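Order of the sequence lines fixes the chain letters, A, B, ..., with proteins taken first and strands second; residue numbering starts at 1 for each chain. As the structure is a computational prediction, the values presented were derived from the model and not from experiment.
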Protein chains: 2
Amino acid sequence: MNDSVNILIIEDEEDINHLLCNIIRTNGYTPKPAYSGTEAIIYIESQKWDMVLLDLMLPGLSGEEILKKISKESSVPVIIISAKLETQTKIDALRAGADDYITKPFDIEEVSARIDSCLRRYRHMPDVSITNQIHHKDLVLDTDTKMAIVNGNELNLTAREYKILFLLMSSPKKVFTKANLFESVWHEDFYGDDNTINVHMSNLRSKLSKANPNEAYIETIWGMGYRLKS
Amino acid sequence: MNDSVNILIIEDEEDINHLLCNIIRTNGYTPKPAYSGTEAIIYIESQKWDMVLLDLMLPGLSGEEILKKISKESSVPVIIISAKLETQTKIDALRAGADDYITKPFDIEEVSARIDSCLRRYRHMPDVSITNQIHHKDLVLDTDTKMAIVNGNELNLTAREYKILFLLMSSPKKVFTKANLFESVWHEDFYGDDNTINVHMSNLRSKLSKANPNEAYIETIWGMGYRLKS
DNA sequence: GGTTTTCTTAAGATTTATCTTAAGACTTTT
DNA sequence: AAAAGTCTTAAGATAAATCTTAAGAAAACC
């Protein structure tokens, strides 16, 4: 029962925190969001954690301070997630006890992979990641083969298509705006041409519906964006 | 290499697999989890094992089939762990080459004791032979001689090339990203120069295609990585 | 110490995915 | 019914990833 893997997420931006929670849940672990440094401290002191994801830019108590506190008091692995991409910041963080450092905007699969690999290192676990498939209704995304499986048909996806679908499936109920997509799939803060996304969505949909014409897997939310159809 | 005792655990339920891993680790041996019959076969063919723990109820390739395969090809001791408690099933398993039979839910200490005693019995007898080759189509990788065999031609591989090919062949359908390769082949978390991998792939491919110009064994998945061509 | 093998780096060539554009059809909202 | 947002197509342009080659660096071997 209590062999669940608990991961604390310290990140003040709600959107990003939720996204990280979903990634972690998808990977089979148990996420706990904290939205400020002071909130985080309470959680840190109240129970043991298997891992901490920490944003450096926090209101109030800074990420650096939290990092110091954590590494002084425990040996829990910490992955920094930060918009600061200066090498020096990175080095400082790693010196201060961080185990890995990911810059924003991040690739969700990379985050996923690094969490796995960090956990593996810590627990001396064998090199088999716990889950390599994401399921949603009869749609399966295989993160090993990078294929979608619909109706038993294996579909080859391009890198972009795969990443879009991965994102949608990682948060099944969430509506992803085009800005969200540009950030998570393209890793760009600025917004590209909306039509770029239209076209990719169209291509992705047509691959999926070729495998199962009776079902629409991706839903358009008018004026908002896209989500997985539930 | 080392004199660790390697035990393969074939069990699809994650919780139980992890538990068995822990027991084995506690006893001073090295566990390797396999979560399906097909995965197990790969490991069985890829190296020598000191023992196999096998669940009879597996998705896909059944436990009985695996047991037959193992006992046909090698003399590695096999302990069955199963929820089936009919006497007939038990007898059948023992006839088919199993060395011991434990019913679920099991007593941790009992499992531990039986593993020890079974190993003690076997230690003196050398394992006659589990195959030391991995096959994929007409490509064979010999884990003893570290050579690839294509079309009957034995190819000398460098250490890197061997490791890359071994990795690809260990999961025939999986797409390996460059990050995967750096981690598994170079044992580096940070990502080196992509081009290093390009060049090694190129060299490996040219060796393979020199032996068989008609076949491409390694496939590039644009924007994602490489995989064995199936 | 010299020779051989293997690894890495770099630069140019090539291939492929992706982007852009645009126009007409469709859907939803007002 | 009109307007705004979205879908689909396709073709050409662009950007990015990859391949290949060769040469120098590093390591291993003799």
Per-nt protein contacts along nucleotides 23-30 of chain D (heavy atom under 4.0 Å; B base, S backbone sugar-phosphate only, - none) come out as --------
Under a 4.0 Å heavy-atom criterion, the protein footprint on nucleotides 5-22 of chain D, written with B, S and -, is BSSBB-------BSBBB-
Under a 4.0 Å heavy-atom cutoff, the residues of residues 154-170 of chain A touching DNA chain C are A:T158, A:A159, A:R160
Residue pairs passing the ring pair (Phe, Tyr, Trp, His ring centres under 6.0 Å) test with at least one member in residues 132-154 of chain A, sequence neighbours excluded, are none
Atom CG of A:L181 and atom P of C:dC19 are separated, to the nearest Å, by 12 Å
Rounded to 10°, the helix from C:dG1-D:dC30 to C:dT30-D:dA1 deviates from straight, judged by its five-pair end axes, by 50°
Sequence neighbours excluded, the answer for side-chain contact (heavy atoms from CB on, under 4.5 Å) partners of B:N198 is B:K178, B:N195, B:Y226
**Asked** Does the side chain of B:D193 pick up a donor-acceptor pair with the side chain of B:T196 at under 3.5 Å?
**Response** no
Rounding to 0.5 Å, atoms CG (B:L208) and OH (B:Y217) come to a distance of 7.0 Å
In terms of side-chain geometry, is the basic nitrogen of B:E215 or B:K229 positioned less than 4.0 Å from the acidic oxygen of its partner? no
Only residue of A:N27, A:T26, A:D107 satisfying side chain to side chain donor-acceptor pair (under 3.5 Å) with A:S112 is A:N27
Between A:E154 and B:K173, does the side chain to side chain contact (heavy atoms under 4.5 Å, CB included) criterion hold? Intermediate values first, please. CA-CA 11 Å; A:E154 294 186 325; B:K173 294 180 71 180; 2.7 Å; yes
note: A:L204, atom CG; C:dC19, atom P; distance rounded to Å ~ 14 Å
- prompt: Without hydrogens or angle criteria, can the side chains of B:E13 and B:Y35 be said to hold a donor-acceptor pair below 3.5 Å?
  reply: no
So does B:H200 get a side-chain nitrogen or oxygen closer than 4.0 Å to the phosphate oxygens (OP1/OP2) of C:dT6? no
**Report entry** Non-hydrogen side-chain atoms of A:I164 and A:L204 separated by less than 4.5 Å
**Finding:** yes
Is there side-chain contact between A:I108 and A:F166, with heavy atoms separated by less than 4.5 Å?
yes
With no hydrogens and no angle check, do the side chains of A:N203 and A:S206 hold a donor and an acceptor under 3.5 Å apart?
no
*Residues A:S62 and A:E65: side-chain donor-acceptor under 3.5 angstrom*: yes
Separation between CG (B:D142) and CD1 (B:I149), nearest 0.5 Å, reads 5.5 Å
